[in-house]
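The structure appears below as structure tokens.
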Amino acid sequence: MYTKPDILELYDKAIRINKSCPDHRRAFDYWMQHNNKAPEQSLSFDTETTGISFGVPSMLHIGNTDIKVYNIKVFGISLAIPTRKRIVLIWARLGTDLFDEAVKLLGICGQKVAHNARYDLRVCKINSIKITEETHCTLTAARIYWDRRQRFGLQPLCEIICPELSDWELAVKSESRRIKSKYTRAGYPKGYINYSFISDKIMAEYSMIDSFLCLMIHCMIHPRMQDTYEEVYTREQKVLKLALKMEQQGLQYDCRKSLIEERKFNKKAVILEKQLYKIAGEEFNIKSPAQVLSILLKLKIPVKLITADSELSTDKNLLEPIVDHKLWKNEKGLLFLETLLNIKAIYKQVYSYLIPLRKRAMYNNGKIYCNINATDTRTGRTAVTDPGLQTIPRLISRRKRKNPIRSCFICRPGYWNYHFDYAQIEMIFYAVLIGETRIIDAYNEGRDIYTEIAQFTCSEEDLEYIRKTLGDPRQQLKHLSLAVLYGAGVPGTAKILQMPKDRAASLLAGYLEACPLVVEYRNQCKHELYTKGYVEDFFGRRYHIEPGQAYKAPNAVVQGSCAQILKIALIQINEYLETSSDRARILIPEHDEFITERPSADRDTEILFCRNVVSAMQNIKQLTDRRLKIRVDVERTKTNWEAKKKLEIS
DNA sequence: GCGATCAGCGG
DNA sequence: ACTTCGCTGATCGCA
């Protein structure tokens, strides 16, 4: 077991680096003034990596050979270790004794802190670096503490905490640019260069300050996390670990099927493109809004049809009604627009989803890995990136056909996938929040709440209008209800429902008159913002909002609360799975839904499994206390996500 | 490289 | 006087 004085001797070399750097001297000075707040047993670290995306082996073409590069490699670790008299900063590069010692240190003593711990922990796991004890995440803490900020990188946080250090990134950035251009000139491929090319002298300064700032943020926020936000923070800590676990599992993707679908789409696209060029009388770039606009003007479209907010636009929401209601009295023009919209829909499918997903899966034996950012949004929702799996289309727009992309996500051999979906969670939570019993009663009796809301807020005439002009009323009403309750005004309502402003105005007025509690809650939020500066939900999370933007408050509370509900559910499902003998796993969360997998088995154990997961999702104290039991829909499939079927478990 | 635009998702 | 919100990602066009 190392003790701190030993470590200082071991890192004698590292300390010398510190003393030669003016930035670090300033850091020391800063530290000396503030170190009384330091948690004695903590240590912050930062890993420097070669920047290859997680889970995606990349191909580098160098000379005549292709090299396949697997995963992220650590080439250096920096540490910031607080002692009673000073803070020790260390930079250790891969291959040195110092590096080995740093790795040992991470494996043995004290509490660890990292900025974006999920990333660093993932990197360490891939590189077989063991980290013992709890790892605190300053990104997570900062998200909770400064919830309305946009950016949480070290640089923006540094501006608040120690502005005197805020230019530490410049040297490494400019050096990186210099090296990049040098290698690019020499013909090396894009992505070949990374921070490991940068000299130790520059890298050390940069990386050590990173660790230092991370520790500073920790010292500043941690005490607050312990008293004000303890519940929220410990929840996030748990979710962080689960996100890490899910990231490493990956999802199964059917590359062959994907390729077949791509070819079908491409065939159609080629035909449509030819038609489009023929109508336009020339070839142009369909993907460029500017060029599309000039063609439309050439075809003499009435300018007012494509004007939004006094600017010309080729927005889909603008063009679609023109086609649907034949607003443009020009056969040729309508055919042009229709073809254009169809092509754009196909492009979206192919270039945004099918091709990128297949490429990823191909490099990984049919697996797709993604980043699950549990705390990266202002409201506490989880975001999935790289690839963004939460945005896979349900239907192909305009054609209203089932989407082939979802059918490319398949179950692992021998497993079934189960989708657990909270039914209408946000709206029913909102009803509980404001105490609207009519909606709660309808929900408890199993009725659809959006149609219910429509009935007591809209006049027959308005409903008829919506039905006639917009087709499927349910989806429209859902959209409208959410928009109105969260504060849409007359223009917003008119835009959503594509109706004249006077009709929107009367609709909106009727709506708010029928739901006085909505207005009441808005005012309550406003008052709270003016007196306290934030609104708080049932789960301990606070949302700081400018009083001038009070209209955002109800949305923040509802969206944030639902995110918290999902996180509580995630933790509870995981607790259940850990104690059960099922070899079941959670694959991915999707806003209001969990996708899980489980080995195929007889019906009895399957139903039991589903019931347990559902009750883990329903057993949320803050809701059961308010007599709300959220419905959970269960669907299952043994082939692909498109083919899932509803499963009755009650 | 970076912001704007336009597509998709969720409620 | 006025305002739904939150997110990702591909592409364009400008600097």
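Quick caveat, the model's predicted, so the values are computed rather than measured.
- Remark: A/Gln549 CD is packed, more than 12 non-hydrogen atoms of other residues, nucleotides or ligands lying under 6.0 Å away.
- Side chain of A/Asn555, nearest nucleotide from B/dC6, C/dC5, B/dG10: C/dC5.
- A/Tyr229 does not carry A/Arg541 over the face of its six-membered ring by the limits of under 6.0 Å from the centre and within 45° of the normal.
- In this structure, the ring of A/Phe538 has its center less than 6.0 angstrom from the ring center of A/Phe429.
- Residue A/Gln390 is in sugar-phosphate contact alone, with no base atom involved, counting any heavy-atom pair closer than 4.0 Å across all strands shown.
- If you take CG of A/Asn317 and P of B/dC9, they are 12 Å apart, rounded to a whole angstrom.
- Using a 4.0 Å heavy-atom criterion, one finds that A/Thr493 contacts no nucleic acid atom at all.
- With distances taken from any side-chain atom of A/Lys316 to the nucleotides C/dT3, B/dA7, C/dG6, the minimum falls on B/dA7.
- With distances taken from any side-chain atom of A/Ser313 to the nucleotides B/dC6, B/dG10, C/dC5, the minimum falls on B/dC6.
- Rounded to an integer number of Å, the gap from NZ of A/Lys552 to P of C/dC2 is 18 Å.
- Using modelled atom types and a 3.5 Å distance limit, the side chains of A/Ser481 and A/Tyr511 yield a donor-acceptor pair.
- Taking only side-chain atoms of A/Lys180, from C-beta outward, the nucleotide of B/dG1, B/dC9, C/dT4 with the closest atom is B/dG1.
- Between the CG atom of A/Asp421 and the P atom of B/dG10 there is a distance of 10 Å, rounded to whole Å.
- The interatomic distance linking A/Ile545 (CD1) with C/dT3 (P) rounds to 18 Å, in whole Å.
- Following rounding to the nearest Å, A/Leu512 (CG) and C/dT3 (C1') show an atom-to-atom distance of 14 Å.
- Between the P atom of C/dT4 and the CE atom of A/Met427 lies a distance of 16 Å, rounded to the nearest Å.
- With B/dA7, C/dG6, C/dT4 as the choices, the nucleotide that has an atom nearest any side-chain atom of A/Ala483 turns out to be C/dT4.
- A donor and an acceptor atom never sit less than 3.5 Å apart when one is taken from the side chain of A/Arg394 and the other from the base of B/dG8.
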Short heteroatom pairs, N/O only, protein and nucleotides 9-13 of chain C, under 3.5 Å:
residue : atom : partner  : partner atom : Å
C/dG9   : OP1  : A/Asp386 : N            : 2.4
C/dG9   : OP1  : A/Gly388 : N            : 3.2
C/dC12  : OP1  : A/Asn285 : ND2          : 2.9
C/dC12  : O3'  : A/Ser288 : OG           : 3.4
C/dG13  : OP1  : A/Ser288 : OG           : 2.6

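- A cation-pi contact, defined as under 6.0 Å to the ring centre and within 45° of the axis, is absent between A/Lys552 and A/Tyr486.
- In this structure, A/Phe429 places its CZ atom 17 Å from C1' of B/dG10, rounding to the nearest Å.
- Across the protein-nucleic acid pair, A/Arg378 atom CZ and C/dT4 atom P stand 16 Å apart, rounded to whole Å.
- Aromatic pair A/Tyr183/A/Phe197: centroids less than 6.0 angstrom apart.
- Between B/dG11, B/dC6, B/dG10, one nucleotide has an atom nearer to the side chain of A/Tyr486 than all others, and that is B/dG11.
- In this structure, A/Phe409 and A/Ile595 have side chains that are not in contact, with every pair of non-hydrogen atoms separated by 4.5 Å or more.
- Considering only the side chain of A/His591, B/dG10 comes nearest among B/dA7, B/dG10, C/dC7.
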List the steps, then state whether ring pair (Phe, Tyr, Trp, His ring centres under 6.0 Å) holds for A/Tyr277 with A/Phe284.
CA-CA 7 Å; A/Tyr277 294 149; A/Phe284 62 98; 5.7 Å; yes
